[in-house]
Number of protein chains: 2
Amino acid sequence: MNRAEIKDKCKQCSIYANGYLFCAQLDADELCALSDHSRTLTMKRGDSLEGEALGTWPIVAIDMGVLSMQHLLQDGRKTIAALFMRGDIIDLRNISNRNRGALIALGKVKLCRLSPRVFEQIMGKNPKAQKVIWENLRDQAFRAMDHSGDIAKKQALEKLASFIFECRNRQEKIPECDTIDIPVRRIDLAEYLGMQPETVSRCFKELEQREILVAPRLNAVRITNIPMLRRIANGDRDAVIKDAGKHGFKVLKIA
Amino acid sequence: MNRAEIKDKCKQCSIYANGYLFCAQLDADELCALSDHSRTLTMKRGDSLEGEALGTWPIVAIDMGVLSMQHLLQDGRKTIAALFMRGDIIDLRNISNRNRGALIALGKVKLCRLSPRVFEQIMGKNPKAQKVIWENLRDQAFRAMDHSGDIAKKQALEKLASFIFECRNRQEKIPECDTIDIPVRRIDLAEYLGMQPETVSRCFKELEQREILVAPRLNAVRITNIPMLRRIANGDRDAVIKDAGKHGFKVLKIA
DNA sequence: CGGCAAGTTGAGCCAGGTCAACTCCGGTGG
DNA sequence: CCACCGGAGTTGACCTGGCTCAACTTGCCG
């Protein structure tokens, strides 16, 4: 494969096109080697990456879409333990202990399965690439820890508020636009936050009624009262309190 | 500082003494450089690592004890998002977004604050060390994801069962000994699992009554029915079901 | 031995899970 | 183009696991 062809293969991919992502850190030789030994893959909602496929291709980089790590309990309860998006690199080499979940697409996902050998070579000698991957993994780790903190003690409304901020943090900022993309369905959101779809629905409704946000579509919200949403996310009980009147609006201490 | 002195400083430390941990991968020069630019620290329960201290020393390696990452909500609710133990390396360089928690010792903790500069140098040129750190961070990430999965949808008893297995996985195996060390207090355990200390207590009691384990001390358990505990941890509802009789034991389908 | 935090036990209650019915919406085929 | 279908989302009513509060016991440290 010559370089022109490689460029064709990679130039459409955000992992190469976005200057701060992994493949953008590589020089021509490295990109060439990696591209030559890697395979792209397109998945649709429900497709999973498991077993044998991961044996030979344990490292995947997300170009587009949302991939979830799901844990399934014996009786059918399901949870989404993590969400992977554009730029995330998932290294599943030698996964062993515990019930590591399956990787399941929550919509159309484009990803690239990287050759472990070439990946490791690049890790060993390209400090810029190394730094990008290291920070990505660190983000994944801290994000998972934040998420644990969120779902451990927070109430439903608080979890949802936190999730909306998580979405805001992760999406590329479009200045002068407060519309936040919710890249997953209600049902997935419920599984990610450890609640029921019914509860998610009720919480969105409450936030709308209290005029904290508007949800024009299922996959987007616009926050109209950021400080209040922040207070809810941070676990300020006063901000969560329900209405004190019959059909008036909620009474909120602004303290 | 000469090499003999460095050896004195590091030879007691498990990060150097355990062949599979970070410092054991370094050659004499590297160890020398790292040791020379690092500072050990001993903490006692409740001590926290925050702010300025982390500004100049954002990388810490745990030698002994349990360090927790805690998130505090506005109204005082607290959660432990992650537990760090021997060999874990925590890299907090450029932490910024979200409410990253404080690092708080849950007992006597010995750790070593590593020079970011030397650490980065070593990362760049020692593949063995790089591999060890990479795998440690990956473990942290996946552990946090597993933990999210555990606390999202599991019931109290299931969470506790999972936690006991997590302890078992993390502690160095002593063959022919089923006694598992519980390295944290009940109160911390409750915060880690997102439940109340009262509930933790009740769950331990139930597991003892059902003769699934015995807890000779507060900080240790011995599992007497591993398969049952496993089933509970895996979310088998039948295994969680309470008793069907008045004062008999629980009726359990072994299916 | 006193003092305090940690842990346990009991009683009551509520946030959110569960179940059921319904609406909405995108896709498919006649 | 419309009728049909199935999964996603919503709404309401009910119920329960575990949170809360309070009282008590235990264990640790000076």
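Order of the sequence lines fixes the chain letters, A, B, ..., with proteins taken first and strands second; residue numbering starts at 1 for each chain.
Listed nucleotides: D:dG9, C:dG16, D:dT11. Nearest to the side chain of A:Ala156: C:dG16. Closest to the A:Leu218 side chain, of the nucleotides D:dA8, C:dG7, D:dT10, is D:dT10. You'll find that the side chain of B:Lys205 is closest to C:dT9, out of D:dC19, C:dA20, C:dT9.
Between A:Arg202 atom CZ and D:dT11 atom P there is a gap of 9 Å when expressed in whole angstrom units. Distance, A:Gln209 CD to D:dT11 C1': 12 Å, rounded to whole Å. For A:Arg45 and C:dG27, the CZ to P distance is 13 Å, given to the nearest whole Å. Regarding B:Leu193, its CG atom lies at a distance of 12 Å from the P atom of D:dG18, rounded to whole Å. Summarising the geometry, the separation between CD1 on B:Ile187 and P on D:dC28 is reported as 15 Å, rounded to the nearest angstrom. Summarising the geometry, the separation between CD on A:Gln196 and C1' on D:dT11 is reported as 15 Å, rounded to the nearest angstrom. Atoms CD (B:Glu198) and C1' (D:dT25) sit 14 Å apart, rounded to a whole Å. The interatomic distance linking B:Asn219 (CG) with D:dG27 (C1') rounds to 13 Å, in whole Å.
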Task: B:Asp146/A:His71 under side-chain contact (heavy atoms from CB on, under 4.5 Å): CA gap, chis, key distance, verdict - done: CA-CA 8 Å; B:Asp146 281 352; A:His71 287 209; 3.1 Å; yes
Task: Derivation and outcome, side-chain contact (heavy atoms from CB on, under 4.5 Å), residues B:Glu166 and B:Arg143 - done: CA-CA 9 Å; B:Glu166 183 183 334; B:Arg143 186 175 298 128; 3.7 Å; yes
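Checking A:Asp181 against A:Asn219 by side-chain atom types alone, no donor-acceptor pair falls below 3.5 Å.
Donor-acceptor pairing under 3.5 Å, judged by distance alone, is absent between the side chain of A:Gln155 and the base of D:dC19.
Relative orientation of the B:Phe163 and B:Tyr192 rings is perpendicular, given thresholds of 30° and 60° on the angle between their planes.
With A:Ile232 as the fixed residue, the side-chain contact (heavy atoms from CB on, under 4.5 Å) test singles out one of A:Asn225, A:Ile164, A:Leu207: A:Leu207.
Nucleic acid contact for A:Gly46: none, since no nucleic acid atom lies under 4.0 Å from a heavy atom of the residue.
At D:dC19, one or more side-chain N or O atoms of B:Thr199 fall inside 4.0 Å of OP1 or OP2 (strictly under the cut-off).
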